[in-house]
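What you see is a predicted model; the values in this text were computed from it and never measured. Below, read A as the first sequence line, B as the second, and so on, with proteins coming before strands; counting in each chain starts at 1.
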Amino acid sequence: MSAGVSRTDEETPVFFDLETTGLNTRSSDIVQLSAISGVKTFNVYILPRCPIDSGASRVTGLTTRRDTLLLHGTPVPTTPLTEALYSFISFLKTFNRPVLVGHNCKRFDCPILLRILREIHLLEEFQQVVSAYLDTLQLSREMFILEKHSQSFLVQHFLHKDYGAHNATEDVRALQELYRVWSPSRELVNKHMFIL
DNA sequence: TGCCAGGCCCTCTTTAGGGCCTT
């Protein structure tokens, strides 16, 4: 084999994103969970157990009224929390111990996701189906000298697309596309992968 | 009424402060 490691030897990246009730990683609930890898996609909406912060509603368009989750005022079907995370685990099982990739996931998405998995006693099962995590914010800061590294800025800069989605399904599609364009080296990916 | 977090990084730093990044 040549000096570089064949790309096919790498763990499959699964790009994921959460929309949550707020920015506090110790108390926020998940409202939407999306993931994508190649053409395989996953998406669930979850009725949160706590109110959605006004700031979060402003950026995601998600609100609650009684026991209904609304997206820009229109009801969306929700999945009970435990069932939603079970089905996410089932989705991840269709890959061979993938790497979960998210933007700022080390400081935001992972702490929330893993705290809630622990609360509903699914953390151990989850960790068995995921091999590691990769944060594209850290990757971007190492790969590129830019004034900003927010996902919306990066999408405009590299993909030349207007982007203000803040919908998890669109966020993960954009992140997967960014990653393809960046094509980070195995060495860089390894450097920024982490285990929780 | 309006605000609410927190860890990392940078620099006009280190006995600190402010911006970034996520919702």
Is there a salt bridge (Lys or Arg N to Asp or Glu O under 4.0 Å) between A:E177 and A:R173 once you walk through the steps?
CA-CA 6 Å; A:E177 204 171 335; A:R173 282 182 196 282; over 6 Å; no

Please step through side-chain hydrogen bond (donor to acceptor under 3.5 Å, both in side chains) for the pair A:N43 and A:Q32, ending with a clear verdict.
CA-CA 7 Å; A:N43 182 63; A:Q32 186 186 11; 2.9 Å; yes

Yes or no on ring pair (Phe, Tyr, Trp, His ring centres under 6.0 Å) for A:F16 and A:F42, after CA distance, side-chain angles and deciding distance?
CA-CA 9 Å; A:F16 83 111; A:F42 177 86; over 10 Å; no

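Contact annotation: the side chain of A:S34 never approaches that of A:F15 to less than 4.5 Å [non-hydrogen atoms, C-beta and beyond].
Residue contacts shown for A:D53 are absent, as no nucleic acid heavy atom lies under 4.0 Å away. Heavy atoms of A:L23 sit under 4.0 angstrom from at least one base atom. Across all strands shown, A:K148 has heavy atoms under 4.0 Å from sugar-phosphate atoms exclusively, and none from any base. Residue A:R26 is classed as a sugar-phosphate contact, given heavy-atom separations below 4.0 Å to backbone atoms only. Using a 4.0 Å heavy-atom cutoff across all strands shown, A:S150 reaches sugar-phosphate atoms only and no base atom. A:L18 comes within 4.0 angstrom of sugar-phosphate atoms only, judged by non-hydrogen atoms across all strands, and of no base. Using a 4.0 Å heavy-atom cutoff across all strands shown, A:T20 reaches sugar-phosphate atoms only and no base atom. Within 4.0 Å (heavy atoms only), A:D135 reaches no atom of the nucleic acid at all.
The cationic atom of A:K40 (NZ for Lys, CZ for Arg) lies less than 6.0 Å from the six-membered ring centre of A:F95 and within 45° of the ring axis. Remark: A:K106 qualifies as a cation-pi partner of A:F194 under the 6.0 Å distance and 45° angle criteria applied to the six-membered ring.
Of the two residues near DNA chain B, A:Q138 and A:T21, the one whose nearest nucleotide lies more 5' is A:Q138.
Taking atom C1' on both B:dC21 and B:dT1, the two are 28 Å apart, rounded to the nearest angstrom. Across the P atoms, B:dG18 and B:dT14 are found 13 Å apart, a figure rounded to whole Å. Taking atom C1' in both B:dA16 and B:dC12, one finds a spacing of 11 Å when rounded to whole Å. For the P atoms, the distance linking B:dG17 with B:dT13 amounts to 12 Å, nearest Å. Taking atom P on both nucleotides, B:dG2 is separated from B:dG19 by 22 Å, rounded to a whole Å.
In terms of modelled atom types and a separation under 3.5 Å, the side chain of A:S28 and the main chain of A:T25 share no donor-acceptor contact. Within the 3.5 Å criterion, the main-chain N or O of A:G55 finds no donor-acceptor partner in the side chain of A:D53.
Looking at residues 71-89 of chain A, you'll see that no heavy atom sits under 4.0 Å from any atom of DNA chain B.
Taking 4.0 Å as the cutoff to heavy atoms of chain A, we find the contact window on DNA chain B bounded by B:dA5 to B:dT23.
Across A:H103, A:R141, A:H149, a single residue satisfies side-chain hydrogen bond (donor to acceptor under 3.5 Å, both in side chains) together with A:T136, and that is A:H103.
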